[in-house]
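The structure under discussion appears below in the form of structure tokens.
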Protein chains: 4
Amino acid sequence: MIRASIVGASGYSGGELMRLLSAHPEVEIVAVTADQQRGRRVDESFPSLRAFSDLTMEAPDWEALARACDVVFLALPHGLSQEGAPRLLDAGVRVIDIAADFRLRDPALHQRWYGEHKSPALLAQSVYGLPELHADAIATARLVACPGCYPTASILAVVPALEWREPGAPIIVDAKSGVSGAGRGAGANTHFGEVNENVRPYNVGRHRHTAEMLQAFAAAGANEPVFFSPHLVPMTRGILATCYVRTAGAVEQAAAEETYRRRYEAWPFVRVLTDKLPETKATQGSNFCDIAVLAAPDQRLVVAIAALDNLVKGASGQAIQCMNLMFDLPQEEGLWAPPLYP
Amino acid sequence: MIRASIVGASGYSGGELMRLLSAHPEVEIVAVTADQQRGRRVDESFPSLRAFSDLTMEAPDWEALARACDVVFLALPHGLSQEGAPRLLDAGVRVIDIAADFRLRDPALHQRWYGEHKSPALLAQSVYGLPELHADAIATARLVACPGCYPTASILAVVPALEWREPGAPIIVDAKSGVSGAGRGAGANTHFGEVNENVRPYNVGRHRHTAEMLQAFAAAGANEPVFFSPHLVPMTRGILATCYVRTAGAVEQAAAEETYRRRYEAWPFVRVLTDKLPETKATQGSNFCDIAVLAAPDQRLVVAIAALDNLVKGASGQAIQCMNLMFDLPQEEGLWAPPLYP
Amino acid sequence: MIRASIVGASGYSGGELMRLLSAHPEVEIVAVTADQQRGRRVDESFPSLRAFSDLTMEAPDWEALARACDVVFLALPHGLSQEGAPRLLDAGVRVIDIAADFRLRDPALHQRWYGEHKSPALLAQSVYGLPELHADAIATARLVACPGCYPTASILAVVPALEWREPGAPIIVDAKSGVSGAGRGAGANTHFGEVNENVRPYNVGRHRHTAEMLQAFAAAGANEPVFFSPHLVPMTRGILATCYVRTAGAVEQAAAEETYRRRYEAWPFVRVLTDKLPETKATQGSNFCDIAVLAAPDQRLVVAIAALDNLVKGASGQAIQCMNLMFDLPQEEGLWAPPLYP
Amino acid sequence: MIRASIVGASGYSGGELMRLLSAHPEVEIVAVTADQQRGRRVDESFPSLRAFSDLTMEAPDWEALARACDVVFLALPHGLSQEGAPRLLDAGVRVIDIAADFRLRDPALHQRWYGEHKSPALLAQSVYGLPELHADAIATARLVACPGCYPTASILAVVPALEWREPGAPIIVDAKSGVSGAGRGAGANTHFGEVNENVRPYNVGRHRHTAEMLQAFAAAGANEPVFFSPHLVPMTRGILATCYVRTAGAVEQAAAEETYRRRYEAWPFVRVLTDKLPETKATQGSNFCDIAVLAAPDQRLVVAIAALDNLVKGASGQAIQCMNLMFDLPQEEGLWAPPLYP
């Protein structure tokens, strides 16, 4: 059994890790921490988990965690993983970070989007935890930085189309997200009265997740700019990203579909749809990312649409998929279940 | 023109007062206050009001308000109206309080449910602002305490049935409320992720609004206990109260309907339905309370169901209805418009 | 492996059976039928099931089903199970019906609420599929009639309180349901524009599920009338039933809790809560029924609140729990997973 | 008083016309028709309208309507206005059509997107009812074709940016709509269980409203292709259109804002926002269209975002705005009220 712990267990990503790991046959959760909720039982914070966990939230103690665990999941607010990760890694524990702390490999880039990094040396060792792109590196990584929810959808949707891109033309990502992506913290952005019956664009053209997309596209050789428009829609889970790639020449529908189908045929959690369009509900509660591609050759445009559950494939499920690879398990282990529909 | 101001304008009741008073032909809003948002334009806080108000939120200054206004609406968190109301009343300004501060006439009762009162002498002067029960007293009142949202629905539903009640049997009020009833403050109770796809009972058997119901029923001669079960449902506006009154004898459907019809036939904002049941959406954004009564004579039970918009008839609309009565205007003035459907 | 098929697979109960049985280690789905969707792949109807089933919906052929299956789940509109069930039973196949066709054991009662029964002789053999009440009978049954969603919540909530009831006083069940309980058929009751931002009572005092509650309470010796008030609330899944039982004497909180705790301590899918109230979201997607009891001894009232997912414990999950008992498996088999939260 | 009638009053656009015209000081509704609901009172179909209308739905009788009315609003399913409009126009009655029947002036274009037209000669007389573009023509029109909900938002957002466009580059419109845009008819696209907790793109790249956008942009001299991606989001009312225009040169933010501000400063129902982004809720129930523009000069991109209520500015409110112009009333008459928020 893999001994795992979750640091930052009181938020939505932490709760989702507990939900999924509770059903994972190869994992034992040995500790959960949440600074502000220490002393509370897990099922006080997540009533859904009653009967699944007798654990109590603890204050994080890096030394104790290092002794007790094979792997630690960090589900902390951005900026806090930088402190604990080095101590865990030094003790030989593997670390999977769900926050943004180790996603951008270039310290200058990190500085520009998130401010100064406290452990910049670690950035070079960290592996970007998108299995469909970096499975081999993940398998041997000590430190995995799980992609953001928006980048997961957008990168999986756009990367196969990059080969066709028109040089210099911006790649446009128009994404619609449920509210859980903003975390469990209460605020004007998450108040039901403000969110319900509303579509609200925010940080258009300047959201931090743009940096991850730029990094991923550049790694594939594409240095075009990205214009990213996130929108909050009145639902709890789910992201749908509609991505527009201007092409240098005319790309036909059949060729586009074939490219996408081949690109992902070995990857069980990416379902390429050819007879209908993705919708978030078809992925609810699961680790799937559904993708369709539409070509408009007369407009020199390829439109790729991806849907996923932001808390699963966009966060905790993907983290477990990475863990499976790191511990030489089938990537589907503990994750292979149909989405909840309706 | 009636010169009005709104104290506590940044919350939902305050915003609703601005929305409704903006369309009132006899009212001029001369000032709005909101301690924490002072200096912000009204339409920063309520983007819907852009083009309707150039006012800026001020810190509350009771002397200035007293000089500038004929009437002041207090839309503050419970407990704060007790400070300002005496100063406004002393200056001859009429006060309409949307909070709970002046609803319970008995200081001991207030103490038990809300803690010590700072101006207990005012309780005796205050008039409970339910026009369908107390229109005459409201017309001459200096201080009106608007009922809570749950009590408005429950009292209007239950009062006509009290004559049939079985002595001693508890009156059961099972109410379902939208989230705006919890105010604009962010918290676990209002977070979209916690509220959406959820029905959540809370404070069952011990919600403070029970006291208002007990007071209103006692005023009608009924001293039976009240068991009140509030439930939060995933919608923004609306309350539906399903009220169960055990009867001493068999009450037939036709007689029950006739009693309700007659009781409210002179009251334009209570619509007694006989061919269908109330639903909250049919009152959305309006000052209506829709009521139906169902008799189960073989069970000695009368069930009365009321629906209203908690921010309008349950708060700000009713406050304006009271203001109309206080200033000798038709009670419908500025309020007579169809609900928003769907 | 148990060979199972699903008749009526295109509706929500059918889809939920497919979702849950796909993850059941002891079951193989051998056929799915849906008259109007025959020839369509399962994942055309339920895009969530892509990668989990290659089956195609067939027209129902009772002989073929009888040959191929050990057990058949009937998820048909009410009235249609009466035709197929006898043919399957004659062929030695076990039948689990999710519709209302075999729930009421008394043909006269069935006639009164649902019209004439085509196989009245079968009513006496059928076992009411509520494991927490009838596990032994279910284990040996050939024909199981799964309870309705409202009765499951209401019966589990009320039965332990019946011993305290005041003779003759009506038992009041005030229930709030998500829309999926109305089925997948499109109509005014399920249109988003009519349901969203709405609480809508319907069939108050005359809903068919009242008959099941009466039958269950009578089986426990209680012949009191039941007043049942169903309400539609704007969510997809979930039922919360708030049940009011007038008591003959004063019942204290501690005694009430102890009674409920003991009644269900051997039943893994009923979670008795003593520190918080049930909410539907804590059961989402799972087979749990969460129950709390509140005593108001001064009002001679006991209030029991139950929450469940109407498509799982209220329909398909409970059907599988019954199947597990019928095939001598642990009742949790294939069902033991945490709810989806948020 | 303007004598008006509504043909097709049982749908959402028809109901919205009744709601708005009930509050219009210069209009009397003389008749409402709805073929399938004839004989039903208006408030049976729209319970919200109880106390506002005693009218009964009639079968449409074009001769009677022509005699009784000054103006007829057609709120029929697409294709049916073609039959009644000529008869009303011949009788000298003015016609405002909310359907698509008279929107495309070129019969060939109409044929391609909607099939053969029954009164192609009328297409040339019809005026496209977007007051902010065609006020003068509307004022003298006999037949006004109100724009679709998506085109209203998209055209108002894009037109001021067309001067900067890169020749040949597609204009991308990514729109998010509430469910009421699909009408009141029940179907899989409007079922709560399918829509809630879902974002669903549909008809991407081939929605009929593309034709209106192409026509409007061409009228402004822009013959670039349009790629239109509509998405259904889980809300009742509201459209948000995020529009991407590639520019020939670098357009700076200040210049873009100034262009938009000037373009609409004389138009009261377009609110150009410069300090925040539009959101649908800020327009709920009102005739406003809120617009913001964002320039990304380094990407040669201008992004314009528009929000409106699809049933008001996107349909019935705009129809009344047109009527006001046609009858020489201020365009705000009967429409000037703050949106409902929250």
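By convention in this document, chain letters (A, B, ...) are assigned in the order of the sequence lines, proteins followed by strands, and residues within each chain are numbered from 1.
Counting only distance, with no hydrogens or angles, the side chain of C:Arg237 and the backbone of A:Pro342 share a donor-acceptor pair below 3.5 Å.
Counting heavy atoms of neighbouring residues, nucleotides and ligands inside a 6.0 Å radius, atom CZ of A:Arg262 does not exceed 12 of them. Dense packing is recorded around CD of C:Glu265, with more than 12 heavy atoms of other residues, nucleotides or ligands lying under 6.0 Å away.
Here the closest heavy-atom approach between residue C:Trp336 and residue A:Ala51 is recorded as CZ2-O, 3.9 Å. Nearest heavy atoms, C:Ser48 versus A:Pro339: O-CD, 3.1 Å. Residues C:Leu49 and A:Pro338 approach most closely at CD2-CB, 3.9 Å, considering heavy atoms. In this structure, A:Glu44 and C:Lys276 approach most closely via the heavy-atom pair O-NZ, 3.0 Å.
Ion pair C:Asp43/A:Arg271 not flagged as a salt bridge, since none of the NZ, NE, NH1 or NH2 atoms sits closer than 4.0 Å to an Asp/Glu carboxylate oxygen. Look at C:Asp275 and A:Arg41 and you find no salt bridge, because none of the NZ, NE, NH1 or NH2 atoms lies under 4.0 Å from a carboxylate O.
Ranked by heavy-atom pairs under 4.5 Å with chain A, the first of C:Ser22, C:Pro47, C:Gly15 is C:Pro47.
Here A:Tyr341 contributes atom OH and C:Glu16 contributes atom CD; the two are 12.0 Å apart, rounded to the nearest 0.5 Å.
With a 4.5 angstrom heavy-atom cutoff, C:Leu20 does not touch chain A via any of its atoms. C:Phe52 touches chain A through its side chain: at least one heavy atom from C-beta onward sits under 4.5 Å away, while N, CA, C and O do not. For C:Thr283, no part lies under 4.5 angstrom from a heavy atom of chain A.
In this structure the side chain of C:Lys281 reaches within 4.5 angstrom of the side chain of A:Thr236, judged on heavy atoms. Using a 4.5 Å heavy-atom cutoff, the side chains of C:Arg50 and A:Asp290 are not in contact.
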Run the side-chain contact (heavy atoms from CB on, under 4.5 Å) test on C:Asn196 and A:Glu197 for me, step by step, so that the C-alpha distance in whole Å, both residues' side-chain angles and the decisive distance to 0.1 Å come before the verdict. CA-CA 9 Å; C:Asn196 193 39; A:Glu197 281 289 298; 2.9 Å; yes
